[in-house]
Each structure stands twice: as C-alpha cells, then as structure tokens.
Amino acid sequence: MLKKILLTALMILTFALAGCGEEQSAQNKNPEVAVTGGTVKGYVDENGVKIFKGIPYAANTGGENRWKAPQPVVSWEGVLDCTQDGPIVIQNAPQPFDPWTAEYVDAGYTIENGKISEDSLRLNIWTKANENDNKPVIVYIHGGANVSGSGNNEVYAGANIAQKDVVYVTINYRVGIFGFLAYKDLTGEEVRGNFAIQDQIAALNWIKENISKFGGDPNNVTIMGQSAGSTNVQHLIMSPKAAGLFNKAVYLSYNNVTSEETQIATLEDNELEANEKLAGKTLAELREMDAMEIFKLYSARKATIDGEYFTMNQREAFETGNFNKVDIICGGVPGDTYLFDPAINLGNFIEPTLTLTADEYLNLAQESFGEESSTILTLYPAGENVLDTAKMANNDKLISSYYFATQMLNAADSAHKTFIYFFHHAVPDTPERMEKFGAFHTSDVGYWLSNFTKNTYPRNWTDTDKKLGEQMTAYLVNFAKTGDPNGENLPEWKSVNQTEWISYLDIGDEIKFVQMNPEKAAFWQTFWENR
C-alpha cells in the first residue's frame, strides 16, 4: 500500500515538474515585459536573441492628433503581441529602385493592407540581456529623405549586433508633411513643424523609462542614423529638448554643417513654402482629409527654428557650442558624392557617370571650382584614368567636409572625441551592378550591424565581407560601451584631435588608418573655411 502511495506521489510530482518545464519553455520562447501602457510579448530567435516588434511608444497620430506633439501611448488590456512588424508611418508605398534592392525598403507595405498607418509610432528591440543588466543601448534612426523609410527594413535589423553585448532599438517617426509641416492658416491656427524630431525625442524618453526592463542602460545610449537619419541625429545633437537622452552619436552619409540642403529653416521660410503648396486650406480641413491625399500635397522635410526645439541653425550651434556634448563617429561612402553636392559633377546616384574625358574633367573642374580649379587640377591631375582622378577629388571633398565640421565641434568642445571613417568597399552583387554602383549610399549600414541580408535579395557574401562586418561592428560596439571604438585585434582609429592633418579610418577590402596628403588637406581646409 505504501509503495502504491509513493508511486502515485512520484507520478504527480513528475507531471507537475513537466508542466513547470512546459510553462518555463513557453515563457522563454515568448518573453513578456511590462512597459509603459501594458505588457508586451516578443519571441526568441535561434541564437537566443529576444525580439520585440512594433511596441507603441506614443498614441495614434491621426485625426485630432495630426500635427500635435506625440501624445502618451494609450494603455491596452492583456498582453500585446509584438512578434510581428508593426505598421510604418504614412508615406508612398515603398518599392525597390536602383541601387537600393528589396532589403533597403519595406516592399509590400501599403495603406490598403494596414502596413502603412497613422498609428505607427512604434519601436523594435533586439536583446540578449536580462532586466537590469545595464548593457549599452544603440538606437537606430532610419533614413529616407525625411519623406519615407521605417525601422522595419531588413538591413536595419539587430539580430546580429544584439549578440555583441548591446541592446539595439529601431524607431519609426513621422515623415513628410506629417513630420515637418510649419504652417499658419487663414484662421490664425499655426503649427511650427518639428513633429519628426518630437517623435524621436518621445522614443528616447520611452527608452529612458523602459529599456532597463530589456537589459539596457538608460544612461548609456548611443543614437545612430544614416542619410536623413544622419540629419536627424545631428538635429538631436543640437536640440536642447534632447539633452540628457543620449551620450554618444553616430551619423553616416550626411553632414549638415557643410550642406545647404538640410540647414534648419526659419519659421517664416517654412511657413511661406507651405502656404504656396496648401492653397489656403485650414488645418481643420486638413485633419478631415484622407492621410495619403494630404501626404501628396507637399513634401515638407526641413526642420524649423521654432524657438523651442531649435533656436538656431546647425552652423551657428556648432560654432558657438550650443549643442549636446557627445562623442561622435561620422563618415560616408563614395556614393554619397553622387547624391549630395559633388565637388565635380560625376552624375547622380542612380546613373553615375562611368566614363570621363580629360576635356570633360577640365570643364567640370572649372565649373565646380572657378578660380580654385587650377589648384584642383594641380592636386588631382588627369592621369590615365580621368574618372578615377575625379572620384578621388570627390572622395577627398567628402572626407574633408566631415573633418571641417568636427573641427568646429572640437573647438567648442575639446573634451569629447570624434572619429571619421570612409567606406569604399563594393557590396556583392552582379559584376555589372558592382561596377556601376560600388559602395553606394546606405551600403555600409549592414556592415556596421554585421547584418548580411539574405531574405529579400541574393548577395554572395564573402569572407572579406564577413571580416569587415566583424571589425566594423566591433568598433561600433566598443564605441557604444565607452566612447572609444578601439579594441583588441582592430587597426587603431585615432580621433581627429590626435592627428595634425585630415585623418580617417579607410574601409576598403581591408581597414587601415590614413592621413590625407598635407597639401590636399590644407586646400580642403581652406576650401571649407571660405564657405
């Protein structure tokens, strides 16, 4: 009898333990975290990375919330499933176009299938850390000319970098007319733009309040962005409203200081442009209109000096020291020079020039540099391959523009470090596309994240690519941890204040640290100072 009782008890205990194991396994597979607004459920990938997608950090921006500061997130009942991508902000339905293949866009997202929505102020998190582990946090701010893009793109995903002892976050923010409209209508109602920046600050505040639940350190946050995301990172650096929300910054492939295109505009200028585009419509009328109909009215994408989020433009802020003092990594790729204010007009980023004669080079140098063209032609004489010479001049102009901007920062803030890079490794593709596009705009992002995409476009990644990715990711992770990218088994990367002339990390098929020829460096320094 006693034996039967013991056997029964053992069976009950075995079933109980099995049940606990199943419950524990389910929790491990779908982790739940209590955040602002309620509890969210994510999932765990094959490498143990916990992934949460589409977490709301603010309320729906539609209806009465159009052109308002991001409103507090609306609480939900039960557990919110965050295992699938959330919707992205209002924009034209994304489609691949050269040189950007499917992994660089959210192909298949439309307003009809609900994947484009005004209820889209969401963020995504990748982490292997546990609550209160205090790992460094990297927050990625996407590009897209401030009229498109999202934090959902495959190339921005964080499953690989999250294995490197950091917590990685991507965010959505309003773009176009919804993100940047500065407008005073005939009734006197006025909105002063900068809603995209307000969204980014709201996301950073959410991270400050919640990221410790995912193992991140709210006091060690690095913001990172490329192209328009780079513009926005630099805007956050100079916005008093973003003070204390991050302490390091990485901006790739855009330099606000030396670009006219993205200088923060005055309220008067932005309102004047909006009035020309909106034909007297009131804000009340606009709030009643269909979102996509509104989006097509006006491609607003410039921030505004509104007296609150911005009190001056970039150059004045950086010259006078009115910015958030942080360590910085910045740089670009050859494809940027096709897209942004090239020193010598080689064409554009979609159809770059593939041939150039000596006479064409001479004419372009004179057209671009005027009286300074003789110096350019002396420093960069037309050799056997004129196109290569022209590209070299373009690349040096790009590198020197970052150096000039960081010199301004260092003059106002010598305590913080700035590191410049130049990435010119051609991304694997067909031989024809590699020859045409090379290191195109955005092509370096996947390497910084060790994210060698495979789901949406076939690329034959090589050992060289994987090694570059390992090294670039190591630099980024080290920087996020300490403000210094250097570490074991990495070529030394000096900050700009450690060298006499223009210097940078040169990322080709291999990585090396180089200094520009002093004569060329002196020319470019004078070139930017004169502007």
Side-chain angles (χ1 to χ4, degrees), residues 58-59 61-71 89-91 118 120-121 141-149 171-205 225 227-243 254 256 259-287 289 291 294-317 322-323:
T61 62
E64 289 301 312
N65 283 344
R66 281 181 185 166
W67 303 298
K68 282 187 179 179
Q71 299 299 298
V89 300
I90 297 295
Q91 58 191 276
E118 289 186 271
S120 54
L121 295 189
I141 301 172
H142 68 79
N146 273 334
V147 294
S148 64
I171 67 173
N172 294 342
Y173 57 91
R174 283 172 283 184
V175 298
I177 192 171
F178 295 106
F180 293 93
L181 179 65
Y183 181 54
K184 189 171 185 178
D185 69 19
L186 295 176
T187 72
E189 185 179 0
E190 183 181 43
V191 294
R192 294 192 164 204
N194 299 329
F195 302 104
I197 305 302
Q198 294 179 55
D199 293 346
Q200 293 159 30
I201 290 173
L204 290 171
N205 273 309
S227 193
S230 173
T231 295
N232 294 324
V233 165
Q234 291 167 78
H235 286 167
L236 291 167
I237 288 173
M238 58 174 288
S239 175
K241 290 288 190 177
Y254 213 86
N256 287 7
S259 169
E260 293 293 341
E261 177 65 20
T262 58
Q263 286 295 306
I264 296 177
T266 65
L267 179 63
E268 180 182 12
D269 284 347
N270 272 352
E271 287 189 344
L272 179 63
E273 184 174 294
N275 272 287
E276 292 173 354
K277 301 288 185 179
L278 298 180
K281 290 182 173 63
T282 68
L283 285 161
E285 290 170 339
L286 288 168
R287 290 189 180 100
M289 290 175 62
I294 295 171
F295 185 79
K296 295 178 187 299
L297 288 176
Y298 172 36
S299 293
R301 59 193 185 97
K302 273 193 176 185
T304 302
I305 298 174
D306 63 352
E308 183 179 6
Y309 287 87
F310 302 107
T311 58
M312 60 189 73
N313 68 26
Q314 292 95 311
R315 291 174 188 164
E316 185 179 357
N322 286 293
F323 58 91

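Predicted model, so just to flag it, every value in this text is computed and none were measured.
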Is a side-chain donor or acceptor of Asn65 paired with a backbone partner of Lys68 at a separation under 3.5 angstrom? no

Tyr173 side chain vs His142 backbone, donor-acceptor pair below 3.5 Å: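 Yes.
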
[X]: partners by side-chain hydrogen bond (donor to acceptor under 3.5 Å, both in side chains), with sequence neighbours left out:
{"X": "Asn205", "answer": "none"}
{"X": "Glu190", "answer": "Arg192"}
{"X": "Asp269", "answer": "Thr266"}
{"X": "Glu308", "answer": "Lys241"}

Mind checking what makes salt bridge (Lys or Arg N to Asp or Glu O under 4.0 Å) contact with Glu189, not counting sequence neighbours? Arg287

Checking Tyr298 now: which residues fulfil ring pair (Phe, Tyr, Trp, His ring centres under 6.0 Å) with it, not counting sequence neighbours?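 Result, ring pair (Phe, Tyr, Trp, His ring centres under 6.0 Å) vs Tyr298: none returned.
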
Ring pair (Phe, Tyr, Trp, His ring centres under 6.0 Å) with Phe310: which residues, sequence neighbours excluded? His235

Which heavy-atom pair separates [X] from [Y] by the least distance, and what is that distance?
{"X": "Ile294", "Y": "Met289", "result": "CG1-CB, 3.6 Å"}
{"X": "Asn275", "Y": "Lys184", "result": "OD1-O, 3.6 Å"}
{"X": "Val89", "Y": "Asn172", "result": "CG1-CB, 4.2 Å"}
{"X": "Ala228", "Y": "Ala145", "result": "CB-N, 3.5 Å"}
{"X": "Gly280", "Y": "Leu186", "result": "O-CD1, 4.0 Å"}
{"X": "Leu181", "Y": "Ala274", "result": "CD1-CB, 3.9 Å"}

Working to the nearest 0.5 angstrom, can you tell me the gap between [X] [atom1] and [Y] [atom2]?
{"X": "Thr187", "Y": "Glu285", "atom1": "OG1", "atom2": "CD", "result": "9.0 Å"}
{"X": "Ile201", "Y": "Ser239", "atom1": "CD1", "atom2": "OG", "result": "4.0 Å"}
{"X": "Ser230", "Y": "Ile141", "atom1": "OG", "atom2": "CD1", "result": "10.0 Å"}
{"X": "Lys277", "Y": "Leu272", "atom1": "NZ", "atom2": "CG", "result": "11.0 Å"}

With side chains defined as the heavy atoms from C-beta onward, is the minimum distance between [X] and [Y] less than 4.5 Å?
{"X": "Leu204", "Y": "Leu236", "result": "yes"}
{"X": "Lys302", "Y": "Glu273", "result": "no"}
{"X": "Tyr254", "Y": "Asn232", "result": "no"}
{"X": "Thr61", "Y": "Phe195", "result": "no"}
{"X": "Ile264", "Y": "Met238", "result": "yes"}
{"X": "Leu278", "Y": "Asp185", "result": "no"}
{"X": "Phe180", "Y": "Val147", "result": "no"}
{"X": "Thr311", "Y": "Asn322", "result": "no"}

Counterpart residues, side chain to side chain contact (heavy atoms under 4.5 Å, CB included), relative to [X] (two or more places apart):
{"X": "Ala284", "answer": "Thr282"}
{"X": "Thr304", "answer": "Ala182, Asn194, Leu267, Asn270"}
{"X": "Ala243", "answer": "Asn324"}
{"X": "Ala291", "answer": "Arg66, Ile90, Glu118, Phe178"}

Pairs touching residues 171-182 that satisfy salt bridge (Lys or Arg N to Asp or Glu O under 4.0 Å), sequence neighbours left out: Arg174-Asp199

Should Phe323 and Gln234 be marked as a side chain to side chain contact (heavy atoms under 4.5 Å, CB included) after you check the CA-CA gap, both sets of side-chain angles, and the distance that decides it? CA-CA 9 Å; Phe323 58 91; Gln234 291 167 78; over 6 Å; no

